[in-house]
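Have a look at the structure below before the remarks.
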Amino acid sequence: MKRIVIADDSATARMFIKRCLEIIGLGDAVIIEAANGKEALARVKEGPTDLVITDLNMPVMDGETLLKWIRANPKLSLIPVLVISSAGTPAKEAELLELGALAILSKPVSPPALMEKLGPLLAG
Amino acid sequence: MNRCDQAMRHSVVDTLEKMVFMEITPVEVRATPLAAADWKTVSLLIHDPVQGEVRLSMPRSLISKITETMYNLSAEEITEQMLDDNLAEIINIIAGRFMNEILDDGQAFRLGLPELEPADPIDPSMESREWTFSSDADEFTVVTIGNDLLCQLPARHD
């Protein structure tokens with residue numbers, strides 16, 4: 001059973017991402033929600049995590065900082081991090097990929113787009 | 001139509017048409033009074049590389065309609081929190097697209113966090129520009145505040 005941490009300050013967005021995950025066949029995954037990057041990092045440290053899905057623009061700790069903290073921690077650095085952005089530029093996306101993001105997904109999220117980005121991960 | 005007019009029209013129409021397949025039409029003169037009791041307003045600051053603010057005001061009924069369509073929910077399932085979250089989401093996407101259009105190709109920018117029902121009214125000493133759009137019978141407005149978001153440059157033809 002996969003353990004997935006979703007970080008987004010919008011409870012509605014988290015609910016929708018959960019729904020998308022169910023639609024693409026991850027309905028039995030353990031989904032852990034966090035309202036910001038700091039909270040997500042704490043949840044990630046609590047147990048083996050298969051995937052982090054994070055919004056970019058959040059209070060307290062944003063998605064980019066969360067990604068950097070995960071990559072900087074040897075125990076967490078291999079966890080795939082999917083970044084969801086509502087206001088990205090190609091330069092920002094390239095920077096996030098350079099930092100080690102699995103992929104960047106533009107809002108609004110849709111099940112097919114999520115499936116496309118997570119396909120290789122789900123297959124593995 | 002200057003570059004900001006063009007950018008805002010693209011940003012609003014594309015965002016809502018792609019999100020919820022709604023037909024959105026720019027309106028020259030707003031018929032609905034702004035900030036009516038059943039309207040919600042959200043504000044977003046733009047920090048870099050220019051400074052300004054974007055405000056989006058929408059009737060509650062329209063936000064509800066968008067939320068129902070977007071999340072495939074019935075009207076009874078919609079909560080006040082969902083409306084607020086969704087309005088914040090919409091302004092984020094619109095502002096992001098707008099900045100992408102008005103800045104030179106690929107230039108990075110930094111947005112603040114959406115603030116619902118901003119306490120401060122629009123500062124009359126600041127330059128601002130209002131755009132009105134309609135979706136069926138509902139009108140809604142976007143206001144940009146700050147000289148940098150008014151674009152005195154002519155529209156791009158690309």
Side-chain angles (χ1 to χ4, degrees), chain A residues 6-24 27 33-39 53-66 83-99 101 104-114, chain B residues 7 11 14-22 42 44-49 54 56 63-64 66-73 77-116:
Chain A
I6 301 173
D8 198 309
D9 53 327
S10 158
T12 309
R14 297 197 302 268
M15 179 269 294
F16 187 61
I17 293 167
K18 273 171 74 174
R19 186 177 283 192
C20 289
L21 290 171
E22 284 168 18
I23 291 170
I24 68 169
E33 298 184 39
N36 58 62
K38 191 178 174 195
E39 211 179 295
I53 300 177
T54 181
D55 186 22
L56 203 50
N57 205 15
M58 292 182 289
V60 186
M61 182 192 281
D62 63 27
E64 183 176 344
T65 311
L66 171 64
V83 177
I84 296 176
S85 163
S86 51
T89 60
K92 173 53 78 181
E93 292 187 2
E95 194 185 320
L96 291 164
L97 291 171
E98 184 74 20
L99 285 170
I104 318 295
L105 194 56
S106 295
K107 284 190 177 182
V109 175
S110 68
L114 201 59
Chain B
S11 305
D14 276 8
T15 297
L16 291 174
E17 286 188 351
K18 283 187 184 156
M19 266 173 116
V20 285
F21 314 108
M22 271 178 173
V42 64
L44 186 76
L45 292 179
I46 292 156
H47 296 308
D48 282 315
V54 181
L56 169 67
I63 311 167
S64 185
I66 292 170
T67 309
E68 284 170 40
T69 311
M70 210 174 143
Y71 297 117
N72 196 20
L73 297 169
E77 291 176 283
I78 304 284
T79 64
E80 212 57 33
Q81 180 66 54
M82 285 178 185
L83 298 183
D84 290 348
D85 282 348
N86 217 14
L87 191 62
E89 206 73 85
I90 295 167
I91 198 172
N92 251 324
I93 299 174
I94 289 174
R97 284 179 186 226
F98 178 72
M99 293 306 292
N100 265 320
E101 291 221 16
I102 66 165
L103 294 173
D104 290 332
D105 291 341
Q107 194 179 355
F109 55 85
R110 195 163 62 89
L111 305 178
L113 293 168
E115 180 191 354
L116 287 152

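As the structure is a prediction and not an experimental result, all values here were calculated from the model. Numbers restart at 1 for each chain; the letters A, B, ... are given by sequence-line order, proteins then strands.
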Non-hydrogen atoms of [X] and [Y] that approach each other most closely:
X: M70(B); Y: F16(A); value: O-CE1, 3.6 Å
X: L73(B); Y: M15(A); value: CD1-CE, 4.2 Å
X: N57(A); Y: G112(B); value: ND2-O, 3.0 Å

Given S86(A), which partner from the list I94(B), L111(B), N92(B) fulfils the side-chain contact (heavy atoms from CB on, under 4.5 Å) test?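 It is N92(B), the one option of I94(B), L111(B), N92(B) that forms the side-chain contact (heavy atoms from CB on, under 4.5 Å) with S86(A).
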Query raised in the report: Using non-hydrogen atoms only, which part of D84(B) is less than 4.5 Å away from chain A: side chain, backbone, both, or neither?
Result: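 For D84(B), neither part sits under 4.5 Å from chain A.
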Interface residue of largest heavy-atom contact number with chain A, from F98(B), Y71(B), F109(B), under 4.5 Å
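So the answer, after comparing F98(B), Y71(B), F109(B), is Y71(B).
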In Å and rounded to the nearest 0.5 Å, what is the [atom1] to [atom2] distance from [X] to [Y]?
X: N100(B); Y: K92(A); atom1: CG; atom2: NZ; answer: 12.5 Å
X: I78(B); Y: T12(A); atom1: CD1; atom2: OG1; answer: 8.5 Å
X: R97(B); Y: S106(A); atom1: CZ; atom2: OG; answer: 8.0 Å

So for atom CD, which belongs to E80(B), do other residues, nucleotides or ligands contribute more than 12 heavy atoms lying within a distance under 6.0 Å?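 Counting other residues, nucleotides and ligands, CD of E80(B) exceeds 12 neighbours.
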query = For chain B, which of S110(A), P90(A), P59(A) has the most heavy-atom pairs under 4.5 Å?
reply =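 It is P59(A).
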**Message:** If I measure from the heavy atoms of chain B, does M58(A) come under 4.5 Å with its side chain, its backbone, both, or neither?
**Reply:**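 Backbone of M58(A) only, per the 4.5 Å heavy-atom cut-off to chain B.
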message = Need one label for K107(A): side chain, backbone, both or neither, based on atoms under 4.5 Å from any heavy atom in chain B.
response =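 Looking at K107(A), backbone and side chain both touch chain B.
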Query raised in the report: Between D85(B) and S10(A), is there a donor-acceptor pair closer than 3.5 Å when you use the side chain of the first and the backbone of the second?
Result: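 Not at all, since once roles are kept as given, no pair shorter than 3.5 Å links the two residues.
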